[in-house]
Amino acid sequence: MQAHADQQSSDDESAAGYEIAVNNVSLEVFVNIYAKEEFESLFRTHGDHAQFEYVEKFRRVFVLFLLASQCESAHKDLDGFEFEGEKLVVARLRRPSATQLLKAPRKRKDFLISPPISPPDDSGPSGSGSVASLALQAAIATLGGTGTTFELHPGSEELSQPKIVVTQD
């Protein structure tokens with residue numbers, strides 16, 4: 001149980017920023033075991049339990065220390081140090097803790113109620129006025145008296161057209 005707690009505390013410390021990135025590392029370190037051991041010994045003088053992660057494509061090595069003081073001393077002593085013909089660039093990393101990471105936005109309710117459809121901007125009232133012409137309305141008004149029925153348009157069952165009938169009350 002104690003070993004697990006120690007591991008967890010070291011994970012918490014590494015999240016707090018006890019890591020450095022070493023850039024401009026000679027390719028010899030990635031292919032030659034002796035150059036790699038010599039490179040690691042530079043950092044192990046600052047912390048015996050330093051861990052290394054090699055990224056050959058970027059000529060970069062990440063070094064993880066247990067203590068902040070070890071990380072600081074390695075950064076101070078080895079930044080600009082020449083190794084295997086290359087000048088090392090050492091940068092201190094600060095990895096964000098879980099509380100500092102971006103979080104998903106809060107869920108919100110979106111109500112999908114659409115406004116009524118509006119006519120296009122260039123449309124306007126038609127020039128003809130009302131649908132039924134005034135002359136037709138006047139002619140219907142003058143027809144017969146109350147209770148009479150007039151058929152304005154005969155229906156057709158073949159064409160599915162209804163007949164139009166006006167009844168005056």
Side-chain angles (χ1 to χ4, degrees), residues 1-133 156-162:
M1 184 68 178
Q2 181 63 28
H4 178 67
D6 290 342
Q7 177 65 31
Q8 186 176 5
S9 67
S10 71
D11 288 345
D12 293 343
E13 288 176 353
S14 68
Y18 304 123
E19 187 172 11
I20 57 176
V22 184
N23 299 305
N24 202 29
V25 177
S26 170
L27 289 175
E28 195 68 23
V29 171
F30 297 99
V31 294
N32 185 336
I33 190 77
Y34 299 110
K36 187 178 204 175
E37 286 175 0
E38 189 178 341
F39 176 81
E40 288 182 5
S41 70
L42 291 174
F43 292 91
R44 291 207 194 276
T45 59
H46 298 279
D48 292 338
H49 301 289
Q51 296 175 355
F52 299 88
E53 182 180 335
Y54 293 86
V55 184
E56 184 177 358
K57 278 191 174 189
F58 296 105
R59 295 179 50 197
R60 183 175 297 155
V61 178
F62 294 100
V63 185
L64 178 66
F65 291 98
L66 293 178
L67 302 173
S69 59
Q70 296 170 343
C71 184
E72 286 296 326
S73 67
H75 177 259
K76 187 174 72 171
D77 293 346
L78 297 174
D79 188 30
F81 184 79
E82 190 166 322
F83 181 77
E84 293 285 331
E86 299 286 344
K87 191 173 184 180
L88 299 178
V89 178
V90 180
R92 181 138 185 237
L93 299 180
R94 294 189 188 269
R95 300 256 170 125
S97 66
T99 58
Q100 295 172 320
L101 295 176
L102 292 176
K103 295 178 182 164
R106 288 189 348 230
K107 289 185 179 180
R108 62 178 192 179
K109 293 183 179 180
D110 289 330
F111 296 100
L112 300 176
I113 299 175
S114 300
I117 298 174
S118 302
D121 290 337
D122 59 344
S123 69
S126 61
S128 65
S130 63
V131 175
S133 71
S156 167
E157 288 187 29
E158 297 168 2
L159 300 174
S160 299
Q161 293 179 341

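For reference, positions follow the sequence shown, starting with 1.
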Q: Taking all non-hydrogen atoms of both residues into account, name the closest pair between C71 and R92 and its distance.
A: SG-NE, 3.6 Å
Q: Using the six-membered ring wherever Trp is involved, compare the ring planes of F43 and F65 and label them parallel, tilted or perpendicular (cut-offs 30° and 60°).
A: tilted
Measure the shortest side-chain to side-chain distance between [X] and [Y] over non-hydrogen atoms and say whether it is less than 4.5 angstrom.
X   : Y   : answer
F30 : V61 : yes
L78 : L42 : yes
Q70 : Y18 : no
V29 : F83 : yes
N24 : R59 : yes

At what distance, to the nearest 0.5 angstrom, does [atom1] of [X] lie from [atom2] of [Y]?
X   : Y   : atom1 : atom2 : answer
E84 : E38 : CD    : CD    : 6.0 Å
D77 : E72 : CG    : CD    : 11.0 Å
H46 : H75 : NE2   : NE2   : 11.5 Å
L93 : L64 : CG    : CG    : 10.0 Å

Q: Report the C-alpha separation of F39 and N32 in whole Å, then their side-chain angles, then the decisive distance to 0.1 Å, and conclude whether the side-chain contact (heavy atoms from CB on, under 4.5 Å) test is met.
A: CA-CA 11 Å; F39 176 81; N32 185 336; over 6 Å; no
Q: Flag this pair as yes if the NZ/CZ of K36 is under 6.0 angstrom from the six-membered ring centre of F52 and inside a 45 degree cone about the axis; otherwise no.
A: no
